[in-house]
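Structure first, then comments.
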Amino acid sequence: MKLNPKTNDAYRLLHDGALALARAEQQGIRLDEAYAKRKHFQLSKKIEILEAKFRKSTFCEEWRLSIGGKSPNIYSNAQLSYFLYKIKKLRPASATQSGQGSTDEDSLSQLNIPELDILLQIRKLKKIRDTYLEGFVREAVDGIIHPSFNLHLVRTFRSSSDRPNFQNIPKRDKEAMMICRKALFPRPNHQLIEVDLSGAEVRIAACYHQDPTMIKYINDPTADMHADMASQLFMIDHFDKSLPEHKYLRSATKNGFIFPQFYGDYYKNCAENMAHKWGKLSKGRWKSGQGIAMPNGSLSDHLISKGIKSLEAFETHVKKIEDDFWGRRFRVYAKWKDRWYARYLRYGYVDLFTGFRCSGIMSRNDSINYPIQGTAFHCLLFILTALDKEIFRNGWESRIISQVHDSIIIDVEPRELSLIINTIKYITAVDLPKTWNWINVPIEMAIETAEVNRSLAYIK
DNA sequence: GGAACTCGCCAC
DNA sequence: AAACGTGGCGAGTTCC
């Protein structure tokens with residue numbers, strides 16, 4: 001891509017940011033190599049056993065015969081797709097970009113073939129072993145990993161990371177998270193901490209569109225956008241966050257409706273995902289007792305009692321809520337999106353508050369998303385750079401070691417912990433809005449810490 | 001034998 | 001009118 005900072009300030013941010021990130025790269029992260037190799041071995045054993053089990057199955061035997069008695073390559077999705085959808089003539093749940101029947105996790109599990117679950121288990125373990133553990137060991141020099149952080153590769157002016165990529169280490173899946181993150185340590189007698197720009201993109205978006213409803217949600221600690229939308233989408237009369245069922249639907253709404261809507265998704269996808277992926281409801285007409293549990297019965301019973309009896313009816317319902325979301329609740333935001341895209345069509349570029357310019361061919365969603373993503377990252381980079389400067393100015397031992405778009409990971413000398421935290425808070429609350437006066441909502445950093453000598457798996 | 005592709009899957 | 005944004009990487013496959 002063409003790097004196109006428009007102003008001297010934009011150039012300075014990248015220059016100073018690159019120096020700070022270079023120091024993080026040079027510092028690196030300690031790898032417990034013996035652990036990584038031990039885990040690698042254990043995973044190989046497990047994979048071997050699962051593979052043997054799979055190869056003994058009638059399903060695999062059928063597959064073998066279908067290709068003339070050759071041993072199938074169980075890691076070839078092309079072969080698997082051919083066997084499932086051309087030989088066995090099963091109906092693929094979805095298609096890949098090139099139109100082939102898909103063999104991703106969602107599609108395979110919908111076929112309800114027990115042997116395929118073994119295959120999915122193998123895939124998961126191989127991902128952990130080959131991408132993460134093997135990558136860590138391959139890239140370590142004298143027991144230290146030095147990942148690269150790039151500022152010049154991403155269309156939105158975010159960063160990327162490689163050799164190894166330190167921005168996609170498993171976190172959500174508990175098992176994968178523990179195996180991978182237990183390999184990574186601070187220097188001896190130090191502790192790892194992670195500071196996170198909370199709701200970075202939503203807040204930065206608000207600086208652009210200045211929607212009063214959104215600004216209220218951000219400023220009012222008692223307001224809860226996700227809960228409000230969950231109540232509306234699932235027709236919950238009295239939302240109660242202390243009920244696990246309501247808490248689950250709140251998180252489903254956040255990840256299945258609100259964020260996708262902000263990225264430019266539309267009601268049909270949202271409705272399908274909310275019903276199927278999160279609500280565990282079938283396609284078509286619903287029966288009693290289906291879906292996830294609710295305080296009184298199942299989700300299907302609850303929705304049927306509200307007059308929504310099928311996925312199609314739910315889609316219509318979600319469409320109405322989407323119209324309300326953009327047409328009433330966040331209408332200022334919606335109007336900003338229209339104006340913003342119109343301006344891109346007219347000029348062929350969009351400018352960021354931070355002095356960068358995104359140009360080139362963009363979709364409507366791109367033209368809206370890029371500046372928000374980029375600007376949110378620039379806030380993080382500003383904080384990271386200023387913190388790095390303070391660390392060296394004061395001669396502290398603590399070191400920034402990594403960064404993941406809206407968070408910074410620091411290897412902290414325990415006696416400096418409160419100095420580091422106070423410095424970050426000051427930079428975020430005072431220096432940042434003073435430097436960039438277009439910031440008109442509070443920007444906050446949340447801090448999580450691990451105890452001394454504990455791995456990245458224990459940050460909380 | 002390597003470049004470029006597809007697919008799947010990890011993160012934000 | 002159209003319809004989810006950004007990356008990196010491993011394995012398999014295709015092309016030259």
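Reminder, nothing fancy here: chain letters follow the sequence lines and each chain counts from 1.
Among the atoms of the strands shown, none is found under 4.0 Å from any heavy atom of A:F262. At the heavy-atom level, A:S102 lies under 4.0 Å from the strands shown only through sugar-phosphate atoms. Contacts of A:N369 with the nucleic acid, taken as non-hydrogen atoms under 4.0 Å apart, involve only primed sugar atoms and P, OP1 or OP2. When heavy atoms are screened at a 4.0 angstrom cut-off, A:I169 is found touching the sugar-phosphate backbone but no base atom. Nucleic acid contact class of A:Q261 (heavy atoms, under 4.0 Å, all strands): none. Here A:E134 lies out of heavy-atom contact (under 4.0 Å) with every strand. Residue contacts shown for A:S159 are absent, as no nucleic acid heavy atom lies under 4.0 Å away. Across all strands shown, A:P170 has heavy atoms under 4.0 Å from sugar-phosphate atoms exclusively, and none from any base.
Taking atom CD1 on A:I122 and atom P on B:dC9, their separation rounds to 14 Å, with Å as the unit. Rounded to whole Å, the distance from NZ on A:K126 to P on C:dC9 is 18 Å. In this entry the distance linking NZ of A:K337 with C1' of C:dA1 reads 14 Å, nearest Å. The CG-P distance, from A:L125 to B:dC10, rounds to 11 Å in whole Å. The interatomic distance linking A:N269 (CG) with C:dA3 (C1') rounds to 7 Å, in whole Å. Whole-Å rounding puts the A:W340 CH2 to C:dG5 C1' distance at 16 Å. Atom CG of A:L381 and atom P of C:dT6 are 20 Å apart (whole Å). Atom C1' of nucleotide B:dT6 and atom CD of A:Q79 are separated by 15 Å, given to the nearest angstrom.
For C:dG10, the OP1/OP2 oxygens have no side-chain nitrogen or oxygen of A:T131 closer than 4.0 Å. Between C:dG10 and A:R138, a contact under 4.0 Å exists linking OP1 or OP2 to a side-chain N or O. OP1 or OP2 of B:dC10 has not a single side-chain nitrogen or oxygen of A:Y132 nearer than 4.0 Å. Within the structure, every side-chain polar atom (N or O) of A:N365 is placed at least 4.0 Å from both OP1 and OP2 of C:dA2. The side chain of A:K171 places an N or O atom within less than 4.0 Å of a non-bridging phosphate oxygen (OP1 or OP2) of B:dC12. In terms of phosphate contacts, A:T103 brings a side-chain nitrogen or oxygen within less than 4.0 Å of OP1 or OP2 of B:dG8. For A:R123 and B:dC9, the shortest distance from a side-chain N or O to OP1 or OP2 is below 4.0 Å. Between A:S363 and C:dA2 there is no side-chain N or O to OP1 or OP2 distance below 4.0 Å. Residue A:T96 places none of its side-chain N or O atoms closer than 4.0 Å to OP1 or OP2 of B:dT6.
Applying side chain to side chain donor-acceptor pair (under 3.5 Å) to A:Q167 and the options A:S407, A:S159, A:S402 leaves one that passes, A:S159.
In the interface, the side chain of A:Q373 is paired with the base of C:dG5 through a donor and an acceptor atom under 3.5 Å apart. Residue side chain A:R158 reaches the base of B:dC12 through a donor-acceptor N/O pair under 3.5 Å, judged by distance alone. Donor-acceptor pairing under 3.5 Å, judged by distance alone, is absent between the side chain of A:K127 and the base of B:dC10.
For the pair A:D324/A:Q232, a side-chain contact is recorded, criterion being any heavy-atom separation below 4.5 Å from C-beta on. By the 4.5 Å heavy-atom criterion applied to side chains, A:H40 and A:E134 are counted as neighbours.
The number of heavy-atom neighbours closer than 6.0 Å to CD of A:E451, taken from other residues, nucleotides and ligands shown, is 12 or below.
Taking the six-membered ring for Trp, A:Y370 and A:F157 have ring centres at least 6.0 Å apart.
Of the possible polar contacts, none joining the A:K277 side chain to the A:M274 backbone as a donor-acceptor pair under 3.5 Å is found.
Which of B:dC7, C:dC9, C:dG5 sits closest to the side chain of A:R163 comes down to C:dC9. The side chain of A:D406 lies closest to B:dC12 when the candidates are B:dA11, B:dC12, C:dT6. Side-chain atoms of A:S76 lie closest to C:dG12 of the nucleotides C:dG12, C:dC4, C:dT6. For A:S98, counting side-chain heavy atoms from C-beta on, the closest listed nucleotide (C:dG7, B:dC7, C:dG10) is B:dC7.
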> A:I169 and A:L184: side chain to side chain contact (heavy atoms under 4.5 Å, CB included), yes or no, with the steps?
Replying inline: CA-CA 11 Å; A:I169 302 169; A:L184 304 167; 3.9 Å; yes

